[in-house]
Q: 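Questions regarding the structure given below will be posed in turn.
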Number of protein chains: 2
Amino acid sequence: MTENNGNSERPTARAGRPGQRKRADAQHGAKERPSTIRDVARKAGVSVATVSRTLAGNYPVSDEARARVMAAVASLHYVVNVHAKALSGQVAGPVALVIKDITGPSLAHVAAGVEQEAADRGRLSLVCATHDDATREDALVQLMREQHAAAVLLVGGVVPDAAYERRTIGYAKALDAAGSRLVLVGRPAPAPDLPVTVVDYDNRGGAFQATSHLLASGHRRVLFLGGETGLSSGDERRAGYRDALRAHGAGQAEELDTEGTYTRASGYARTRDAVRAGLDFTAVFAASDMVALGALAALREAGLDVPGDVSVVGFDDVPFATDLTPSLTTVRVPYEELGRTAVRLALERERSLGGEEHVVLGTQLVIRQSVRRVDW
Amino acid sequence: MTENNGNSERPTARAGRPGQRKRADAQHGAKERPSTIRDVARKAGVSVATVSRTLAGNYPVSDEARARVMAAVASLHYVVNVHAKALSGQVAGPVALVIKDITGPSLAHVAAGVEQEAADRGRLSLVCATHDDATREDALVQLMREQHAAAVLLVGGVVPDAAYERRTIGYAKALDAAGSRLVLVGRPAPAPDLPVTVVDYDNRGGAFQATSHLLASGHRRVLFLGGETGLSSGDERRAGYRDALRAHGAGQAEELDTEGTYTRASGYARTRDAVRAGLDFTAVFAASDMVALGALAALREAGLDVPGDVSVVGFDDVPFATDLTPSLTTVRVPYEELGRTAVRLALERERSLGGEEHVVLGTQLVIRQSVRRVDW
DNA sequence: CTGTGAACAGAAAACGTTTACTGCATCCAT
DNA sequence: ATGGATGCAGTAAACGTTTTCTGTTCACAG
């Protein structure tokens with residue numbers, strides 16, 4: 001095997017001059033190479049150091065030199081190259097938002113919060129969609145490591161199984177080693193003592209509020225249109241629903257405690273089936289506004305009035321909740337705040353030590369017109 | 001004045017060794033510096049060139065060396081530094097989406113299209129919100145120049161006045177000089193022969209379709225809830241409305257041709273006022289679904305049934321259009337396709353010459369339940 | 001044996017910045 | 001006059017890669 005010569009102090013022999021790019025002739029029609037700090041220095045008749053200092057403004061430069069530099073910068077349309085700047089240590093990494101899909105009404109608000117907070121702190125935001133593909137998520141985390149992202153935000157519901165734990169632990173360690181902070185938004189922490197920030201909201205409490213509102217309005221039999229069992233937010237909301245039933249001494253009817261997906265179609269189908277099966281209920285608590293939308297449609301088709309015959313509460317407070325007929329009583333989730341908080345926490349501890357950090361944001365019941373008080 | 005010495009061939013004198021960062025002691029609690037290709041080379045007992053070649057896989061490397069490199073990479077958690085890679089010319093720039101606000105239902109879909117197409121082509125997407133602030137837009141374009149973005153997408157409605165033209169021309173030239181491509185999405189090109197790509201959709205044709213549908217359904221007096229005069233999309237849609245009236249030989253009643261903002265509130269107020277003023281109309285064409293939403297609410301409050309008493313058509317086909325009561329007949333705009341096309345066009349001509357390029361995407365009338373045929 | 005070519009490894013030059021040193025006037029206090 | 005600040009400018013190292021040269025080794029044909 002060839003020995004790797006450890007001697008780094010050899011004379012600078014005049015070796016070949018590789019230089020992978022050649023300066024195009026500018027006349028030739030091909031794109032001109034953008035000008036560099038050296039071009040500016042040459043044109044202004046000063047050294048590159050002076051140009052750099054003029055632009056950074058962190059070191060005294062004579063008015064004469066400054067003026068000539070500025071003129072050269074303007075005439076050459078010079079802009080600093082971030083990569084070079086970053087390499088010499090002067091650029092803070094971007095914030096990366098890794099999300100299932102940006103178009104969902106709630107996720108879009110998380111994204112907006114992230115972008116705002118990042119921009120307020122002078123950072124750029126990268127957004128990447130996973131479309132629920134774990135392989136893609138792996139690839140994106142790896143990519144963000146290369147990008148030296150200051151924070152990597154993994155957003156959105158997840159089934160907290162063994163595979164999730166394993167992957168997330170790997171992410172946390174890998175990102176930490178690369179100087180990035182992993183932030184889980186609306187996801188559970190897979191293990192204690194991981195270098196990770198967790199920002200979540202109170203699914204269980206929100207569901208408790210919603211269900212309690214129905215019970216306090218006199219309803220006794222509340223159809224629950226829950227999300228997938230196994231999905232963290234789904235389980236939490238279900239738990240909140242059951243907490244409320246228990247707390248108010250209402251019976252827990254198994255046939256009213258349904259599960260499905262967070263889609264309009266699922267809400268529609270389950271409500272339709274419940275009505276057809278002749279189930280006895282005077283209220284519906286849908287685990288998301290989309291599900292509530294489906295429920296409203298199914299109830300309307302069945303000739304039932306909302307809130308006249310059946311009261312409905314949703315979860316999320318999507319923007320159009322106020323525009324439905326009737327406007328939807330629902331649980332407001334501070335999505336934008338969620339995004340802002342995630343970025344804030346990650347960047348605040350950017351240069352400090354690892355370790356866990358956990359924040360849970362509260363939810364708020366928004367009372368509109370889809371619930372009627374019933375008296376017995 | 002000091003002469004800038006042009007002679008670059010002087011012997012490499014051993015000058016002071018600045019070195020702005022020192023390698024932390026790793027034990028010390030402070031973040032470890034991420035490992036570099038040199039660390040890997042040292043650990044694997046090979047040269048940096050071999051490590052680079054192993055990872056790039058574009059040059060023969062012995063199995064023995066490859067194995068040792070891979071082992072070192074794994075044990076050091078090495079990831080390549082993009083900035084260094086970019087500096088040596090190996091990284092393609094990101095796609096930058098500069099947008100008023102991501103949370104709007106239509107803009108979110110544009111963003112999703114952009115992200116998808118960019119990801120399909122192995123690019124990252126930066127998103128930045130301007131919140132309609134021209135100063136911020138200027139700053140962002142400048143920033144994207146520094147970032148060496150491959151494409152900068154400026155999205156969304158705009159008042160095409162002199163200031164807009166001046167700024168956009170400046171953007172186009174500056175970005176072109178930096179090797180980036182400016183793409184205007186849903187905005188008019190400010191001048192011919194600019195290095196710019198324009199992707200728009202057929203506002204006028206869509207409005208024509210919508211209005212024609214109402215006229216063909218027997219309606220004669222159509223209240224138009226237009227957008228701001230001066231805003232490009234607003235003027236276009238208004239023109240389409242008038243085209244249709246002319247084409248069908250329907251009279252143009254000035255009091256039915258209103259203008260306002262693209263908001264629910266504006267739609268609500270204008271419809272309420274029209275009803276109160278006793279205006280004679282049997283149909284409403286709202287220049288956006290949000291406006292239609294307001295109109296529906298105002299009509300309902302006035303005790304008018306949709307589509308029984310008044311028919312309504314919107315514009316945009318936002319996701320919830322199908323969930324309204326009645327579901328909304330509207331003009332579908334291919335927002336996602338808009339985003340995809342913008343990225344595709346920009347990247348396809350990435351290395352080719354400047355010059356203009358213009359694409360207009362079609363719209364499609366989606367017939368649902370908010371329009372009733374009337375016979376006389 | 002010796003010449004030839006293939007396969008593989010290493011040294012070092014870019015890439016474009018920032019900034020630690022060094023150096024040179026100039027000015028002011030002694 | 002002299003010594004020390006002070007203000008400003010230039011030189012070149014370092015940041016972490018990629019890739020061009022320049023070997024060196026080795027197999028094999030002549």
Side-chain angles (χ1 to χ4, degrees), chain A residues 1-8 10-23 33-41 44-56 58-66 69 78-91 146 148, chain B residues 1-5 7-8 10-23 33-41 44-56 58-66 68-69 78-91 146 148:
Chain A
M1 193 190 333
T2 321
E3 271 294 306
N4 188 357
N5 189 339
N7 176 12
S8 60
R10 42 177 51 194
T12 303
R14 188 147 310 282
R17 334 183 90 245
Q20 52 266 43
R21 264 163 314 295
K22 34 191 147 184
R23 201 162 289 231
R33 213 181 41 61
S35 43
T36 74
I37 198 174
R38 234 176 297 272
D39 299 330
V40 175
V46 299
S47 71
V48 293
T50 300
V51 176
S52 177
R53 293 198 268 246
T54 301
L55 297 177
N58 55 5
Y59 194 84
V61 171
S62 68
D63 289 346
E64 147 104 31
R66 182 190 323 283
V69 167
Y78 170 76
V79 268
V80 52
N81 179 323
V82 257
H83 298 302
K85 196 169 183 169
L87 204 51
S88 90
Q90 309 311 310
V91 175
E146 293 180 12
H148 290 232
Chain B
M1 191 189 339
T2 321
E3 272 292 307
N4 188 357
N5 189 338
N7 176 12
S8 59
R10 42 177 51 194
T12 304
R14 190 147 309 283
R17 335 182 91 244
Q20 53 265 42
R21 263 164 313 293
K22 35 190 145 183
R23 201 161 290 229
R33 215 183 38 62
S35 42
T36 73
I37 198 174
R38 235 176 296 272
D39 300 329
V40 174
V46 299
S47 71
V48 293
T50 300
V51 176
S52 177
R53 293 198 268 244
T54 301
L55 297 177
N58 54 6
Y59 194 85
V61 171
S62 68
D63 290 345
E64 148 104 31
R66 182 191 323 282
R68 295 170 56 185
V69 167
Y78 169 77
V79 268
V80 53
N81 179 322
V82 258
H83 297 302
K85 195 170 183 169
L87 202 52
S88 91
Q90 310 311 309
V91 175
E146 293 180 11
H148 290 237

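We name chains A, B, ... by the order of the sequence lines, and we start the count at 1 in each one.
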Q: Measure from the side-chain heavy atoms of B/V48 and tell me the nearest of C/dG16, C/dA12, C/dA9.
A: C/dA12

Q: Round to the nearest Å and state the distance from B/N81 atom CG to C/dC15 atom P.
A: 18 Å

Q: Separation of B/Y78 atom OH from D/dT18 atom C1', in whole Å?
A: 10 Å

Q: Does C/dT18 have OP1 or OP2 sitting under 4.0 Å from an N or O in the side chain of A/N58?
A: no

Q: Mark yes or no for a side-chain to base donor-acceptor pair under 3.5 Å between B/Y59 and C/dA7, with no hydrogen or angle criteria applied.
A: no

Q: Quick one: are B/L87 and A/N81 in side-chain contact, heavy atoms under 4.5 Å?
A: yes

Q: How bent is the helix from C/dC1-D/dG30 to C/dT30-D/dA1, comparing axes over its five end pairs at each side, to the nearest 10°?
A: 60°

Q: Between D/dT11, C/dG10, D/dT17, which nucleotide gets closest to the side-chain atoms of B/S88?
A: D/dT17

Q: By the 4.0 Å heavy-atom rule, please label A/A65 as base, sugar-phosphate, or nothing.
A: sugar-phosphate

Q: Could you tell me how far apart A/H148 (NE2) and D/dG16 (P) are, to the nearest whole angstrom?
A: 9 Å

Q: Kindly determine whether A/L55 and A/V80 satisfy side chain to side chain contact (heavy atoms under 4.5 Å, CB included), including the steps that lead there.
A: CA-CA 9 Å; A/L55 297 177; A/V80 52; 5.9 Å; no

Q: By nearest nucleotide on DNA chain C, pick out whichever of A/V79 and B/R66 is the more 5' one.
A: B/R66

Q: Looking at every non-hydrogen atom in both residues, tell me the closest pair between A/V82 and A/V91 and how far apart they are.
A: O-CG2, 3.9 Å

Q: Between A/R53 (CZ) and C/dT17 (C1'), how many Å, whole number?
A: 13 Å

Q: Search all heavy atoms of B/V61 against all heavy atoms of B/R53 and return the closest pair with its distance.
A: CG2-CB, 4.0 Å

Q: Rounded to whole angstroms, how far apart are CD on A/E64 and P on C/dA25?
A: 17 Å

Q: Any idea which of D/dT19, D/dG10, D/dT17 is nearest the A/V46 side chain?
A: D/dG10

Q: Between B/R68 and B/A44, is there a donor-acceptor pair closer than 3.5 Å when you use the side chain of the first and the backbone of the second?
A: yes

Q: So does B/S52 get a side-chain nitrogen or oxygen closer than 4.0 Å to the phosphate oxygens (OP1/OP2) of D/dT18?
A: yes

Q: For A/A41 versus A/S47, what's the shortest heavy-atom pair and its separation?
A: CB-C, 3.8 Å

Q: Of the options D/dG10, D/dT17, C/dG16, whose atoms approach the side-chain atoms of A/A84 most closely?
A: C/dG16

Q: Return the value, rounded to whole Å, for the distance between atom CD of B/E146 and atom P of C/dT17.
A: 10 Å

Q: Would you mind telling me which residue lines up with the more 5' stretch of DNA chain D, B/A49 or A/D63, judged by nearest nucleotide?
A: A/D63

Q: What nucleotide among C/dT18, D/dT17, D/dA9 has an atom nearest to a side-chain atom of A/K85?
A: C/dT18

Q: Among all residues two or more places apart in sequence or in another chain, which pass the side chain to side chain contact (heavy atoms under 4.5 Å, CB included) test with A/V79?
A: B/Q142, B/R145, B/E146

Q: When you measure from the side chain of B/L87, which nucleotide among D/dG16, C/dA9, D/dT17 comes out closest?
A: D/dG16

Q: Identify the two heavy atoms, one from A/V48 and one from A/I37, that lie closest to each other, and give their separation to 0.1 Å.
A: O-CD1, 3.7 Å

Q: Using a cut-off of strictly less than 4.0 Å, decide whether B/T36 has a side-chain nitrogen or oxygen near OP1 or OP2 of D/dG16.
A: no

Q: Start at the 5' end of DNA chain D and walk down; is the nucleotide closest to A/V61 or to B/V80 reached first?
A: A/V61

Q: Going by the rule side chain to side chain contact (heavy atoms under 4.5 Å, CB included), which residues pair with B/S35 if we only count those two or more places apart in sequence or in a different chain?
A: B/D39, B/L76, B/Y78

Q: Rounded to whole Å, please give me the gap between CG in B/L55 and P in D/dT18.
A: 7 Å

Q: State whether the distance check finds a donor on one side and an acceptor on the other, under 3.5 Å, for side chain A/R38 versus base C/dT18.
A: no

Q: Check the phosphate of C/dA9 against B/S62, side-chain N and O only, distance under 4.0 Å to OP1 or OP2. Yes or no?
A: yes

Q: Could you check how far NE2 of A/H83 sits from C1' of C/dT18, rounded to whole Å?
A: 17 Å

